[in-house]
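This one's a predicted model, so the numbers in the text were calculated from it and none came from an experiment. In the text below, chain A, chain B and the rest are named by the order of the sequence lines, each starting its count at 1. Quick note: numbers below take in every heavy atom, side chains included, and nothing from hydrogens, waters or symmetry partners.
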Amino acid sequence: MMSHESPSEAPTAPHSNVHPRLLDNLNPEQLRAITLGHESALVLAGAGSGKTRVLTTRIAFLIQSGQATPGSILAVTFTNKAAKEMLTRLSAMMPINTRGMWVGTFHGLCNRLLRAHHRDANLPQTFQILDSADQQSAIKRLMKTLNIDDEKFKPKEMAWFINGAKDQGLRANMVEAKDEFTRRQVEFYQAYDEQCQREGVVDFAELLLRCQELLAKNPALLEHYRSRFKFILVDEFQDTNRLQYQWIQLLAGKDTAVFGVGDDDQSIYAFRGAEAANMRDFQRDFARGNVIKLEQNYRSQGNILDAANAVIANNKDRLGKNLWTDEGKGEPIRIYAASTDADEAQFVIDEVCALHREGKNLSAMALLYRSNAQSRVLEHTLFRAGVAYRVYGGLRFFERMEVKHALAYLRLAGNPADDGAFSRVVNFPPRGIGARSVEQVQAFAVRYGVSLYEAALNGIAQNTITGRSAAAIGTFLRVIEGLKSSGDARLSLAELVDEALEKSGMKSHYTAEREGADRLENLAELVTACAQFEETYEGEDSPLVGFLTHASLEAGDHEAAVNDDALQLMTVHAAKGLEFDHVFLGGLEEGLFPHENSLSDFAGVEEERRLMYVAITRARKRLYLSYAGQRMLHGQTRYGIVSRFLDEIPAPLCKFIVMPEKQAAYGGSGGGYSWGNNQAGARGSYGSAHNERRSVSGGGAGSYTGFNQTIPKDENAVEYGREGAPDVSRANFETAKKDALPFGIGQNVNHAKFGDGVVLAFEGRGTDARVQVKFRREGTKWLALQYAKLTVLA
DNA sequence: TCAGAGGTAATTTTT
DNA sequence: TTACCTCTGA
């Protein structure tokens, strides 16, 4: 194998200006991908294989070798973070300005195209972008005006339906409605699009769809961009949805080389429309066998990679790839079987503290979990232990209520037709405009087919809207009018926001409120953000439009200040693309990970397995995997069994962690270990120094073993391999519980009344045992095992 | 208009 | 359990 240290002799174009060090330290595959000529290719880039480096170096190479000008390159990513990273790395590599280059997210680039050609796209120049929450409220509002039963049609599902259709590139008239329910949804989709058009707003999916239509309907325009972009580079190709794929197809002319980079094994966003199958299509439509695999991993040590490879090998639907490293095996994977979720949390945090005492940074460690709800126990334990931590996820800056309120004033000033913004702040802060007054305005708006703003204006002028509320509405309108003229008078953005906060009464409202201090602080930050934005803003739209777009498209960071050393807590999804020296992955139980909602179909389980793959490959040096026999979920105690994914990791890679006391209890007994819980034991003296083991073997429904666990004191508490250590395998568990529960998760069963179904979960035991079954026709039900007559099917 | 009661649903998430 | 939503009564 050629060492990746050796300097490479790259085929560069004659008269090229390629920096002598640009192609240093690349492995042969990376080098090949980077120095490809003007041709399309698919790069299958495994986790930690230097994907971003390949992408950015290729751009630099194309420019330096004279094959491309910055203006002929289009690079598209999914997140702003990735786009920013690409630009940062590029400007570090090259002295040239990156401004002429089109590097951005799908949404950002589409926005740019739509603004530039707003007339052709049939949009106002100042169109605003709805984020998911805005879209949701727009849908609710429309459902109300159309008198749609929101019991039958949930706004959330409606949004899901519309976005799903748009993600596939389908307008309402293109959606096939097989049943009455779908027909109503399609009808609503149409009405929703009309409302958005009236109000001059577009949702996220619309940005892409409208852009696609813009190009498809304007041959001259399309030709212009096709001849301009000679090179298109697409990051995270496995995350593209159908529409994004169509968009790429459209934009790529005959002379465009499309460079797609992705990893089908890391496709974890099917639930939001991503189609990893696009990678297959891309091979067919563009790459035509021009596929380069990056399999050398520069992140994780051998055992970790072996575990990841072993797990993902169980997936059928793969393009195929195997990670390797020349860095050595490293440490074994540590596995801990906890009795309860609290026990699991305690173990994890004790290990974290131990590592921290050894001098490891907290920020180099991450606690990963499948679902956000799992963070609670961890946070609780961390708080008690006084460990600095940071949870990813949650509200971002521009999603905060007070910030959205403030922005709504600006939006209304920029576009009075924005009924969403109007509804949001017409009575915020409260100024005595109740539901009845708003209804009056609404009625007027519907009758004359005008915006709420206009309706309010005219309604008052014509005395159609009267009474106490008329005065209050008048006050509100004057605030907006004032902002409009301040905007026209070219007040700076920061001044404009400040005026909005002042005149709207938001400032005094939050000053008066007991818990308004944080909100005021955020609003002050908004003013600062405006000032900063305006300072560096170079776009062609007005700063106001630019800022509002920025707020919708980049809701702000989840990230903490870079400097503080805090333990990182996040979902596996959120961890994608990140890496940590030490990773703890908890909750490895059937029903949790893989999640029970994904168990009923094959594709679902495979996606969960890819998620597991992503989780494992986050770790550089040390990986801990843990699970708990008992866990509090939705206010109920659930008894789990160990995740199938854990079983898929070869035992020789693992080290099963056992407490000293437990070792004594089990040592040499040669198996007979089962886990799960004895309720009395578990509820008893958690954390007690004395270990109590209760075994009720052979007791039918009671054949569970419960134990308390204490904290590992030293490395000696750990045994290597499976020898002598308790067998925590799923197979062993199944044996132990067999007489108690005749069903395994995933078991096909038949019920006399409900028909065929599949077992999703179970809990309790003996006469309390209940099984959750997803029936093909009747949906998901919990059944008491004692009464439900279930037949086990093959 | 607002606070509090009561009902309900509860993966994963970027733009 | 808890967070979020809607409804109700003052």
Side-chain angles (χ1 to χ4, degrees), chain A residues 76-83 104-111 129-137 140 150-151 154-157 160 163 166-167 202-209 211 235-236 239-241 243-244 267-274 341 368-377 380 392-396 398-399 427-438 468-469 472 513 549-558 570-577 587 591-599 604 607-608 610-612 614-615 631-638 780:
Chain A
V76 56
T77 64
F78 275 87
T79 63
N80 293 301
K81 199 178 150 199
T105 62
F106 278 103
H107 295 84
L109 296 170
C110 286
N111 172 65
I129 299 164
L130 302 183
D131 68 18
S132 321
D134 297 332
Q135 184 190 34
Q136 190 108 302
S137 36
K140 274 189 196 165
D150 61 357
E151 292 283 294
K154 301 256 187 323
K156 229 200 230 139
E157 282 161 26
W160 191 81
N163 293 334
K166 288 188 180 183
D167 284 349
V202 298
D203 59 49
F204 286 135
E206 182 73 22
L207 277 175
L208 299 182
L209 184 51
C211 185
D235 191 17
E236 306 276 20
D239 288 341
T240 52
N241 62 36
L243 177 56
Q244 285 158 342
S267 161
I268 55 172
Y269 286 114
F271 70 90
R272 63 177 203 216
D341 46 0
L368 307 185
Y369 35 80
R370 173 66 240 264
S371 62
N372 287 306
Q374 286 168 257
S375 76
R376 180 168 294 122
V377 198
H380 179 77
Y392 281 65
L395 275 193
R396 285 130 96 217
F398 286 111
E399 291 168 352
N427 194 35
F428 188 89
R431 46 173 76 85
I433 303 172
R436 214 174 309 120
S437 329
V438 176
R468 251 180 305 153
S469 59
E513 208 176 58
T549 303
H550 166 79
S552 309
L553 250 29
E554 301 182 46
D557 284 341
H558 276 316
M570 67 193 84
T571 63
V572 180
H573 281 93
K576 197 182 136 201
L592 232 200
F593 198 179
H595 196 275
E596 56 193 3
N597 295 1
S598 311
L599 283 176
E607 174 135 330
E608 294 286 306
R610 290 192 290 270
L611 200 50
M612 180 72 181
V614 168
R631 178 181 300 277
M632 197 64 132
L633 205 65
H634 304 331
Q636 280 184 315
T637 303
R638 292 257 222 143
T780 305

- prompt: OP1 or OP2 of dT13(B) less than 4.0 angstrom from a side-chain nitrogen or oxygen of Asn372(A), does that happen here?
  reply: yes
task: Step by step, work out the side-chain contact (heavy atoms from CB on, under 4.5 Å) result for Val76(A) and Thr105(A).
output: CA-CA 5 Å; Val76(A) 56; Thr105(A) 62; 5.9 Å; no
query: Is Lys156(A) atom NZ crowded by more than 12 heavy atoms from other residues, nucleotides or ligands, each under 6.0 Å away?
result: no
query: Does Lys140(A) have any salt bridge (charged side-chain N to carboxylate O under 4.0 Å, His left out) partners at least two apart in sequence or in another chain, and if so, which?
result: none
- line: Rounded to whole Å, CE of Met612(A) lies from C1' of dT12(B) at a distance of 16 Å
statement: Taken in chain and number order and not counting sequence neighbours, the residues that satisfy salt bridge (charged side-chain N to carboxylate O under 4.0 Å, His left out) with Arg631(A) are Glu344(A), Glu589(A)
message: Using only atom types and a distance under 3.5 Å, with no angle test, would you say the side chain of His573(A) pairs donor to acceptor with the backbone of Ile268(A)?
response: yes
message: At under 4.0 Å between heavy atoms, how does the protein contact nucleotides 1-10 of chain C? Give one character per nucleotide, 5' to 3', with B, S or -.
response: BSS-------
- prompt: According to the 5.5 Å centroid and 30° plane-angle thresholds, does His595(A) stack upon the nucleobase of dT11(B)?
  reply: yes
query: Which part of the nucleic acid, if any, lies within reach of Phe78(A) when heavy atoms closer than 4.0 Å are counted: base, sugar-phosphate only, or nothing?
result: sugar-phosphate
query: If only side-chain N and O atoms of Arg396(A) are considered, is one of them under 4.0 Å from the OP1 or OP2 phosphate oxygen of dT15(B)?
result: yes
message: Let's see if you can work this out: which of dT15(B), dC2(B), dT13(B) has an atom nearest to the side-chain heavy atoms of Ser132(A)?
response: dT15(B)
- line: Looking only at heavy atoms, the pair that brings Gly273(A) and Asn241(A) closest together is O-CB, 3.1 Å
- request: Answer yes or no: does a side-chain N or O of Asn597(A) lie under 4.0 Å from OP1 or OP2 of dT12(B)?
  value: no
query: How close or far is atom C1' of dT12(B) from atom CG of Leu592(A), stated in whole angstroms?
result: 12 Å
